[in-house]
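See structure below.
Proteins come first, then strands; the chains are lettered A, B, ... in the order of their sequence lines, and each starts at number 1. As the structure is a prediction and not an experimental result, all values here were calculated from the model.
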Amino acid sequence: MQLSREDMLRAYRLMRTIREFEERVFVEFENGNVPGFVHLCYGQEATAVATGMNLTDRDKLSITHRGHGHSIAKGCDINSMMQELYGKSTGLCGGKGGSMHIADLSRGMLGANGIVGGTAPLAVGAALTIKTRGEDGVSVCSMGDGASNQGLVFEALNMAVVLQLPVIFLYENNGWGEGTSHDYAVGSKDIAGRAGAFGLPHVKVDGTDFFAVHEAMREAVERGRSGGGPSVVESVNRRFGGHFVGDPMLYRTPDEREHTREFMDPVKIFRKKVLESNLLEEAQLDEIDKEAVKTIEDAADSAAAAAFPDPKELETDVYVSYY
Amino acid sequence: MPTKSYREAINEAIDHEMARDENVIVIGEDVSGGAGCEGPDAEDAYGGVLGVTKGLVGKYGRRRVIDTPITESAIMGTAAGAALTGLRPVAEMMFVDFLGVCFDMIYNQAAKFRYMFGGTARTPLVVRAMIGGGFRAAAQHSQTLHPMFTMVPGLKVVMPSNPYDAKGLMIQAIRDDDPVIFLEHKAMYDMTGEVPDEPYIIPFGEAAVTRDGDDVTIVAFSMMAKRAAKAADVLAKEGISVEVIDPRTTSPLDVDTILESVEKTGRLVVVDESPPRCSMAADIAALVAEHAFHDLKGPIATVTAPHTPVPFSPSLEDIYMPSVDKIITAVKKVMK
Ligand SMILES: Cc1ncc(C[n+]2csc(CCOP(=O)(O)OP(=O)(O)O)c2C)c(N)n1
Ligand SMILES: [Mg+2]
């Protein structure tokens with residue numbers, strides 16, 4: 001399906017914003033402003049944006065520890081996200097969650113997750129709500145190649161098929177789970193095919209190509225919305241950085257890392273494509289580049305200025321009611 | 001005596017045992033790392049996420065240092081099944097929080113073989129996992145869950161508080177014929193101390209009295225034993241003499257040493273990093289109240305984390321953790 005100019009501009013803006021966000025978080029981690037464990041998704045922006053753009057606030061999205069891109073693409077407020085990463089009281093989770101637990105239930109973003117594979121059954125549950133209540137949304141579970149091997153993910157796939165739920169299992173195959181390669185850990189070396197064997201339509205796409213992922217997600221979302229049941233999408237991309245900020249990446253060669261930045265950069269690939277096909281003008285894209293820098297600059301400033309949670313917040317929010 | 005880190009001490013213990021017994025294997029996610037990867041240093045790229053098993057793959061090969069997919073139930077089940085049939089697996093589960101994924105294999109399976117099968121089974125399994133807060137790692141990577149394992153009959157639970165104990169307890173854990181949950185505090189890996197080069201064991205169920213005192217007994221676990229020692233230093237300057245007991249294993253628990261100490265001091269403070277309900281703090285307070293009530297000069301005090309998940313923000317996590325100050329306050333309270 002041909003995307004409108006506005007859609008393409010929006011896609012580029014989101015991808016550039018995510019890229020800026022991640023690079024800034026890297027710097028602020030080094031500066032000591034972002035504490036904890038941080039996993040960046042640069043290199044994987046196209047998948048996050050292609051997914052987010054196919055969803056509305058009525059749709060649910062469950063994501064992983066590597067979730068900043070998906071959060072931005074699903075519409076989470078960027079200042080509140082950055083504030084959360086800094087551990088500030090005005091953050092999306094009041095400073096209680098941090099990078100690994102970013103959530104915005106009001107936008108259907110059901111949370112990043114620290115437990116690999118944990119989101120798959122949760123996403124099935126969200127799809128059950130949609131189906132039971134006759135809503136028209138879908139539920140998307142984004143997870144990694146490493147997560148694809150978790151037992152409960154297989155159980156979730158089967159459950160989704162048995163109950164014919166509007167859920168999409170989106171596997172982002174970025175090459176590794178920590179320092180273990182996809183080729184070693186996925187016995188069949190075919191995540192989409194293996195998941196599909198549970199009885200779901202499945203497709204594998206080039207995750208560096210925004211348009212390819214967008215099309216695959218559009219079909220899967222449409223299937224879910226129209227009562228066609230669950231789907232599997234495997235998006236093959238590559239993370240630019242380490243598993244976490246600080247990972248020395250001994251398992252990657254310098255050549256491969258350079259090659260990835262040069263030839264597997266979804267933002268670069270998008271830009272080249274829309275310019276060569278005269279779909280968008282260079283000046284517009286340059287303008288968006290500048291805006292993205294400004295957006296993230298503002299987010300970081302807002303996070304630096306915000307206050308840490310008050311000590312009395314420690315014991316709030318454990319329960320809804322206390323009697 | 002040579003000085004080594006907590007990390008090195010654990011590594012050395014596993015190394016000794018792998019050299020001594022062909023049946024000892026290490027299994028888990030990225031225990032070596034770099035499986036199927038091409039980087040120049042791919043082999044042993046991780047050596048465990050915090051480097052505890054580094055170097056073992058070079059000595060014992062991938063046949064005995066086994067990287068797995070991310071699949072805790074299968075890792076734990078594989079380790080339990082292998083233990084039941086003759087291997088002595090050291091299963092690395094990374095963060096203790098992840099044991100939630102595979103609890104069935106621990107508490108319905110490995111823990112119960114011996115009893116269910118009428119005393120015929122042996123399950124020499126070591127489950128290694130990291131506990132503890134202070135890393136801003138938030139609710140799913142910071143828990144201190146030893147009470148959950150301690151309450152399961154059939155499991156032994158070990159929580160070393162220093163490099164010397166870590167080595168001796170790990171060697172005992174590997175030689176032990178029962179399933180052992182070996183909990184390493186992630187904030188202690190770089191802590192150094194004197195550790196002999198040769199193998200030695202520290203038996204389970206023998207508490208260490210790390211400081212003699214007359215006025216108050218503090219029982220503290222893992223990293224909290226260190227904080228208790230600091231508190232005792234401060235209190236000594238104020239004329240309060242504190243005895244510090246580190247039980248080292250919560251199952252079996254050396255109740256006698258605790259009771260003897262309370263008999264002498266008449267006052268008890270229990271310090272633990274896990275939340276307070278159904279905890280070791282509650283357990284030890286109950287044991288002392290039951291068996292040494294008449295020795296007590298006043299109420300027992302506990303210093304624990306609050307009944308909340310572990311928060312992310314530094315401003316909250318700092319007050320979540322039991323601190324030296326909180327321990328001092330508790331001691332002064334029981335002295336009143
Ligand atoms: C249940 C569980 N096991 C292990 C981990 C540690 N861990 C965090 S991320 C990760 C790798 C995940 O790989 P993948 O699913 O491919 O996602 P990616 O990091 O590549 O985005 C691992 C092993 C965890 N957080 N949860
Ligand atoms: Mg991956």
Problem set entry | Max heavy-atom pair count under 4.5 Å with chain A, selected residue of B/I70, B/T68, B/T71 |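 Counting heavy-atom pairs under 4.5 Å, the top option is B/I70.
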
For this session: Name the member of B/G33, B/A35, B/G36, B/G34 that forms the most heavy-atom pairs with chain A at distances under 4.5 Å.
Result: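 That would be B/A35.
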
For this session: Please check if the side chain of A/K88 supplies one atom and the backbone of A/A303 the other of a donor-acceptor pair under 3.5 Å.
Result: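 Checking the backbone N and O of A/A303 against the side chain of A/K88, a donor-acceptor pair under 3.5 Å is found.
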
Are [X] and [Y] within salt-bridge range, i.e. N to O under 4.0 Å?
X      : Y      : value
A/D190 : A/K204 : yes
B/D318 : B/R136 : yes
B/R62  : B/D67  : yes
A/R24  : A/E28  : yes

Between chain B and each of [options], count heavy-atom pairs under 4.5 Å; write down the option with the most.
options                       : value
A/T180, A/V153, A/V318        : A/T180
A/G179, A/G91, A/G175         : A/G179
A/G117, A/G97, A/S148, A/G151 : A/G97
A/T253, A/N149, A/L314        : A/L314
A/W176, A/F308, A/Y86         : A/F308

For this session: Answer yes or no on whether A/R66 is positioned over the face of A/F244, meaning its NZ or CZ is under 6.0 Å from the six-membered ring centre and within 45° of the axis.
Result: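 No, cation not above the ring by the 6.0 Å, 45° rule.
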
Proximity breakdown for [X] and chain A, heavy-atom pairs closer than 4.5 Å:
X      : answer
B/Y46  : side chain
B/E43  : neither
B/A137 : both

Problem set entry | Per-residue contact mode, A/D247 against chain B (heavy atom under 4.5 angstrom) |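 The side chain, not the backbone.
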
For this session: Please report the shortest heavy-atom distance between B/P311 and B/Y320, naming the atom on each side.
Result: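 Of all heavy-atom pairs spanning B/P311 and B/Y320, the closest is CD-CD1, 3.7 Å.
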
Problem set entry | Contact summary for B/A305 and B/E273, nearest pair of heavy atoms |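 The pair with the smallest heavy-atom distance is CB-O, 3.3 Å.
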
